Amino acid sequence: MKKIIAAMALLLPVAAFAAEEKAETAQVPATETNIRMAAELSKYGYANNDALSLIQAARLAKQLGIRTADQAKTTEGGADDQGTKAGKVNLDATQLLADAKAMAKEDGMLLALIDDVNANVRGAVNGPQISRTNVRANGTDEYNVRFRAGETAIVTAIGDGDTDLDLYVYDQNGNLIDSDTDYTDNCVCTFTPRWTGNFKIRVVNRGRVYNNYVLRTN
């Protein structure tokens, strides 16, 4: 019995140490909120053939100075898609405006708005960087990302609306630090590392069709 109690005593500090890392009251910066807003506008625009929503998404994306870059990942499981693919999400301002122009056809007002965004909207220098990819039906994507001690870390995954995505963050010891497991594909995790090191990010697709998503880490 004493051995069991001693073993539990050794384990408790590790569990407490992991729990302390979760930033329960961390504020999501306006930049992250605006990225999510742009993504939602793009999803609505593609789903409803609405050029104005794509134009607004492009305006936000340009203002933020969003850049795309590949994030190394490994993929686990997954199956051939068994459903119909409909959703789409995009934060590439150039592509958003091109698609909006195709939807606008001969609508002079919309075409003028597109020209205005192209000509007059200037983006931030070294703006937020996102990764665009997809996760297979019932599959899992895994990333290893380095975060710095004492600084609030934010991980955001925004899907195309077709399936439920869940987001998990683990420390280098395999402790679960934070998760977002609601029934949407808009996920955000926040935490404050107590040490500088690599953290494992897992994006899990709970649906029967692949999900295109964007991943953002600050």
Side-chain angles (χ1 to χ4, degrees), residues 28-29 31-48 50-51 53-78 81 83 85-103 117-118 121 123-147 153-169 180 184-189 199-207 209-218:
V28 178
T31 298
E32 308 303 320
T33 301
N34 288 337
I35 289 174
R36 297 180 74 174
M37 185 183 302
E40 288 302 311
L41 284 166
S42 82
K43 286 196 286 187
Y44 181 87
Y46 286 119
N48 295 278
D50 184 64
S53 293
L54 296 189
I55 295 168
Q56 293 172 325
R59 183 182 294 274
L60 268 175
K62 285 195 73 174
Q63 288 172 340
L64 290 166
I66 291 175
R67 299 170 294 140
T68 59
D70 291 333
Q71 179 84 270
K73 71 174 184 178
T74 58
T75 301
E76 298 178 5
D81 301 327
K85 189 68 188 167
K88 186 174 182 180
V89 61
N90 193 356
L91 289 175
D92 182 322
T94 300
Q95 187 61 55
L96 285 164
L97 291 175
D99 293 339
K101 189 171 185 178
M103 292 179 187
V117 174
N118 266 322
V121 177
V125 177
N126 296 325
Q129 185 170 290
I130 64 167
S131 176
R132 296 173 58 192
T133 185
N134 65 75
V135 55
R136 297 186 70 195
N138 296 304
T140 299
D141 285 351
E142 185 174 296
Y143 303 84
N144 286 297
V145 179
R146 191 170 182 82
F147 292 103
I154 302 173
V155 182
T156 304
I158 308 169
D160 59 23
D162 278 348
T163 69
D164 172 27
L165 296 182
D166 289 338
L167 178 66
Y168 303 86
V169 179
D180 187 335
T184 73
D185 61 353
N186 289 325
C187 307
V188 60
C189 289
F199 290 77
K200 182 185 296 182
I201 298 168
R202 293 171 65 90
V203 179
V204 181
N205 185 359
R206 304 297 184 185
V209 67
Y210 72 90
N211 192 309
N212 290 312
Y213 68 96
V214 294
L215 181 75
R216 156 76 170 151
T217 58
N218 69 332

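Model, not experiment: these values are computed from the prediction. Numbering of residues begins at 1 and proceeds along the displayed sequence.
When all heavy atoms of N218 and E32 are compared, the closest pair comes out as CB-OE2, 4.3 Å. In this structure, S42 and L96 approach most closely via the heavy-atom pair CB-CD2, 3.8 Å. For N186 against D180, the heavy-atom pair with the smallest separation is O-OD2, 3.8 Å. Closest approach of A93 to A61, counting heavy atoms only: CB-CB, 4.2 Å.
A distance-only check finds a donor-acceptor pair linking the side chain of D185 to the backbone of D160 [under 3.5 Å].
Remark: D70 CG to S131 OG distance equals 6.0 Å, nearest 0.5 Å. A distance of 2.5 Å separates NZ in K73 from OG1 in T133, rounded to the nearest 0.5 Å. To the nearest 0.5 angstrom, E40 atom CD is 11.0 Å from S53 atom OG. With rounding to the nearest 0.5 angstrom, the CZ atom of R36 is 13.0 Å from the CZ atom of R216. Atom-to-atom distance recorded for I66:CD1 and L91:CG is 4.5 Å, nearest 0.5 angstrom. Taken from CD in E76 to CG in D141, the straight-line distance is 9.0 Å, to the nearest 0.5 Å.
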| request: Let me see the working for I35 and T156 under side chain to side chain contact (heavy atoms under 4.5 Å, CB included), right down to the final yes or no. | output: CA-CA 9 Å; I35 289 174; T156 304; 5.9 Å; no
| query | Given Y213 and L167, is the side chain to side chain contact (heavy atoms under 4.5 Å, CB included) satisfied, shown in steps? | reply | CA-CA 12 Å; Y213 68 96; L167 178 66; over 6 Å; no
| request: Apply side chain to side chain donor-acceptor pair (under 3.5 Å) to T163 and N211, showing your working. | output: CA-CA 6 Å; T163 69; N211 192 309; 2.9 Å; yes
| field | From CA spacing to verdict: side chain to side chain contact (heavy atoms under 4.5 Å, CB included), V89, R132 | value | CA-CA 9 Å; V89 61; R132 296 173 58 192; over 6 Å; no
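In this structure, a donor-acceptor pair under 3.5 Å is present between the side chains of D99 and Y46. Residues N34 and Q63 bring no donor and acceptor atom of their side chains to less than 3.5 Å of each other.
Taking a 6.0 Å sphere around CG of N48, one finds it holds more than 12 heavy atoms contributed by other residues, nucleotides or ligands.
Under the side-chain hydrogen bond (donor to acceptor under 3.5 Å, both in side chains) criterion, D162 pairs with K85, sequence neighbours left out. Taking the side-chain hydrogen bond (donor to acceptor under 3.5 Å, both in side chains) definition, one finds that N144 meets it with nothing, sequence neighbours left out. Listed by chain and number, the residues in a salt bridge (charged side-chain N to carboxylate O under 4.0 Å, His left out) with R59 are D116 (sequence neighbours excluded). Looking at residues two or more places apart in sequence or on another chain, you find a side chain to side chain contact (heavy atoms under 4.5 Å, CB included) between R136 and D80. For T217, there are no side-chain hydrogen bond (donor to acceptor under 3.5 Å, both in side chains) partners two or more places apart in sequence or in a different chain. Looking at residues two or more places apart in sequence or on another chain, you find no side-chain hydrogen bond (donor to acceptor under 3.5 Å, both in side chains) involving K101.
For the pairing with R206, the side-chain hydrogen bond (donor to acceptor under 3.5 Å, both in side chains) check across N138, D166, D164 returns one residue only, D166. Checked against L165 for a side-chain contact (heavy atoms from CB on, under 4.5 Å), the options I158, V204, V135 give a single hit: V135.
At a threshold of 4.5 Å between non-hydrogen side-chain atoms, the residues V155 and L215 count as touching.
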